[in-house]
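Just below is one structure, and these are the notes that go with it.
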4 protein chains.
Amino acid sequence: MEKRAVKSMVKDEKLIETRRSQIIKSAVTLFKEKGFHRTTTREIAKEAGFSIGTLYEYIREKEDILYLVSDFIYDQFRVRMEEEASSNLKSLDLLHLVISSYFKLVDDKQDEMLVMYQEAKSLSKKSLPYVLKKELQLCAIFEKILTRCVEEGHFALSEKEIKAAAHNILVFGQMWAFRRWALRSIYTIEEYTNIQMEFIMKGISKNNK
Amino acid sequence: MEKRAVKSMVKDEKLIETRRSQIIKSAVTLFKEKGFHRTTTREIAKEAGFSIGTLYEYIREKEDILYLVSDFIYDQFRVRMEEEASSNLKSLDLLHLVISSYFKLVDDKQDEMLVMYQEAKSLSKKSLPYVLKKELQLCAIFEKILTRCVEEGHFALSEKEIKAAAHNILVFGQMWAFRRWALRSIYTIEEYTNIQMEFIMKGISKNNK
Amino acid sequence: MEKRAVKSMVKDEKLIETRRSQIIKSAVTLFKEKGFHRTTTREIAKEAGFSIGTLYEYIREKEDILYLVSDFIYDQFRVRMEEEASSNLKSLDLLHLVISSYFKLVDDKQDEMLVMYQEAKSLSKKSLPYVLKKELQLCAIFEKILTRCVEEGHFALSEKEIKAAAHNILVFGQMWAFRRWALRSIYTIEEYTNIQMEFIMKGISKNNK
Amino acid sequence: MEKRAVKSMVKDEKLIETRRSQIIKSAVTLFKEKGFHRTTTREIAKEAGFSIGTLYEYIREKEDILYLVSDFIYDQFRVRMEEEASSNLKSLDLLHLVISSYFKLVDDKQDEMLVMYQEAKSLSKKSLPYVLKKELQLCAIFEKILTRCVEEGHFALSEKEIKAAAHNILVFGQMWAFRRWALRSIYTIEEYTNIQMEFIMKGISKNNK
DNA sequence: TATGAATGAGACTTCATTCAT
DNA sequence: CATGAATGAAGTCTCATTCAT
């Protein structure tokens, strides 16, 4: 199974989906502001426009909400990036494209990113593996493109170097969210993208050294 | 002032120092395990070996503990890295040295790092600026060395590129802690250091592109 | 606004009223016995027959209870006295009537009076003005009657003397509660009323001196 | 015994007296400001200029301080008033003199008065009788003078009326302290004294009615 | 299904009092 | 006699979760 099941008292699957997306939306708004621990379930229900009782019809415990949120955000990212990654471009161009649209996405979803990276550690042992797996899926997108680049001779990277590069790209995106307190006063997202893009491309380049 | 004052009811400065380092030690142990929010002040006091009353003789509120912990960890890093950074080496060698000892340090203090990066967001508006400043001080260490390298003609980097590079180096270190769930199964710290070192050095290198 | 708002988490206004009067009743009982400061919120909840959590659904903080109690007691007095004060009597008879029924009321609500006068000083800056205003409303009832008496030529009192007389009457009532340790062993309430009534009537009389 | 014994660990009686008057002075200052319950023993010790440990060498428990304070204030009043009461004047003049100097004293010691009347109810069962007795002693001063006045034919008052009058006088003084929130904006102490003096004198006068 | 009042464990924090130095 | 660090009981308040309606 790709997703961890979150038990609901309600049968109507459609309704579950509707309610849960309301929950997620409200939760993101609030977590952004005050973090997971300082947000109460009551607040989430209120923000979502229904009662605390109703909230608990769609989740079993507070932690479920954090999982739903994380899951949702990751899916958003994955879907968008897989879309880009399926473009019919030459591998090197694709790499550029996906990196820069990833950065753009991060800038767009800055708050969501922040929530995810700051609250992920609050996930229970039960949920964490699911979320980490999603992170690896994002990683895999870059790995695949990088592998193609290597296969097509653009770079000469070992397996491990490819993995490292993929992680690095991902983290460079996350940085823009979690270090925004420092970065935003120095760079626009375009500048940041350019500088990091060059850093990455040189960092995985062949010759040199 | 470099540090935020944390009020204590006790007068004996020596004792304050002793007790506070006991508090810090215990807090790190517990935060590591359960995070700041899930750790109770009672647990911290107990772990430190004294009563809850005594704990509150040395701090004013729970958040003080998080500040003390952050402050302590940053100081540890800064001191160690400033030591390294004052080595009498040629700039390029110094860069290598400081980066690799920084990575070693991160590996060593993995738990502390994790605590710091995961709980920093729980710091109050009051404490946060002090902690962010400390992060920038670490950043500055790398900036200085990079600037020297540029001045000595090893790289051709703009001001903004230097800053980006410094942040990147710092984050590559932090990654080892906060992505250890993925990285540790792929790399040893030495491998990780080598790969990232190469990535960095190429990333800031002159030619190529 | 005449009353300070006390926030409740509960929406049902009827229920709020019910619960709050339970709270007030319990609080009076306990404050009587041990005073505001020595009474715990837990005890109040228990006495009221619900849990501490429920108590806090109807108040925001302990001090709210004291305010509710004061407010309630004052209202009781005001309502009863305004009723009497609207009797269709000649002014002088009305004065006698209202004074003696006020004394009777004080005797009746001895405990409540005591609580109010002993704990009022524990009211926060936030609540105090509201309660003092209520005290002045009681005062005003006597002032009005006295003014009519003066207008009808029964007494010759200046504005300031009227105010003093009103305060004196009020305090003579309160005395019966807060000096009961001394007075009850000397007088019955009827005796006390008679003696003080004469004292008052002579005290504000015309001739003499 | 006139006074309740307050146990001390220290033998030197002189020292006990010195320290206790320091304690009383500090306590009055603080009680004035925040009341007995909100004042901590630590604060009292600090205000008095010695350590909490030392404080507890001279008292057994916090409540002792309240007793000492009450006892001290009453003594002040009694001493001053007995002085006045022993003047060689005709009874009626003496009554005027003692009443007006009592009112003056009350105005002078407004804060102490307030403390006493507001915190007395916090006295334990153990101390209360002693303090009430002191209040009765003050009462007795007026009773004695009034009795003389009656004996000398100035008024025609029964035993019970004398007692009531004495209580009334006392309470009129206290009022100036505990209703100062209302009275001070209407009267100066001289006005207040004059108005109440007339009220009292008429209130106990013979003829009329 | 939806509601929201009720619950109570448990969190943080204070402070009177003790006792070794 | 003086000190002040240590103690821990007890207080206020919060909030996730339940359940009758």
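To find a chain, count down the sequence lines: A is the first, B the second, and so on, and within it residues start at 1.
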Query - Between E/dC19 (C1') and D/E57 (CD): distance, integer Å - result: 10 Å
**Report entry** d(CZ, D/R20; P, F/dC1) in whole Å
**Finding:** 12 Å
Query raised in the report: In the structure shown, which nucleotide is the Watson-Crick or G-U wobble counterpart of F/dA20, with both distances under 3.5 Å?
Result: E/dT3
Query - Audit row: B/S51, B/T54, side-chain hydrogen bond (donor to acceptor under 3.5 Å, both in side chains) steps and yes/no - result: CA-CA 5 Å; B/S51 71; B/T54 300; 3.1 Å; yes
Report task. Could you tell me whether D/R19 and D/D12 have a side-chain N and a carboxylate O separated by less than 4.0 Å? Result -> no
Query raised in the report: On DNA chain F, nearest-nucleotide positions of B/R19 versus D/S51: which is more 5'?
Result: D/S51
Report summary line: B/L15 CG to F/dT3 P, in whole Å, measures 18 Å
Requested in this report: Could you let me know what F/dT14 is paired to, Watson-Crick or G-U wobble, both distances under 3.5 Å, or none if it's on its own?
Outcome: E/dA9
Query raised in the report: How many Å lie between NZ on A/K46 and C1' on E/dG4, as a whole number?
Result: 13 Å
Query raised in the report: Quick one: which of E/dT7, F/dT7, E/dT1 gets closest to the side chain of A/Y58?
Result: E/dT1
Query raised in the report: For C/M9 and F/dT14, what is the distance between atoms CE and P respectively, to the nearest whole Å?
Result: 10 Å
Query raised in the report: Are the side chain of D/Y56 and the backbone N or O of D/E61 linked by a donor-acceptor pair below 3.5 Å?
Result: no
Query raised in the report: Can you check whether B/K121's main-chain N or O pairs, donor with acceptor, with A/Q118's side chain at less than 3.5 Å?
Result: no
Query raised in the report: A/E63 and A/S127: side-chain donor and acceptor closer than 3.5 Å?
Result: yes
Query raised in the report: What nucleic acid atoms does A/K11 come within less than 4.0 Å of, heavy atoms only: base, sugar-phosphate, or nothing?
Result: sugar-phosphate
Query raised in the report: Can D/S8 and D/E57 be counted as having a side-chain donor-acceptor contact under 3.5 angstrom?
Result: no
Query raised in the report: Rounding to a whole Å, what distance do you find between C/E13:CD and E/dA5:P?
Result: 11 Å
Query raised in the report: Can any side-chain N or O of C/E17 pair as donor or acceptor with the backbone N or O of C/K14 at less than 3.5 Å?
Result: no
Query raised in the report: How long is the line joining CD1 of A/I65 and P of F/dC15, in whole Å?
Result: 14 Å
Between the protein and nucleotides 11-14 of chain E, which nitrogen or oxygen pairs are less than 3.5 angstrom apart?
residue	atom	partner	partner atom	Å
E/dC12	OP1	B/K62	NZ	2.8
E/dC12	OP2	B/T41	N	2.9
E/dC12	OP2	B/T41	OG1	3.1
E/dT13	OP2	B/Y56	OH	2.5
E/dT13	OP2	B/K62	N	2.8
E/dT13	O4	B/R42	NH1	3.4

**Report entry** Whole-Å distance separating the CG atom of B/L55 from the P atom of E/dC15
**Finding:** 16 Å
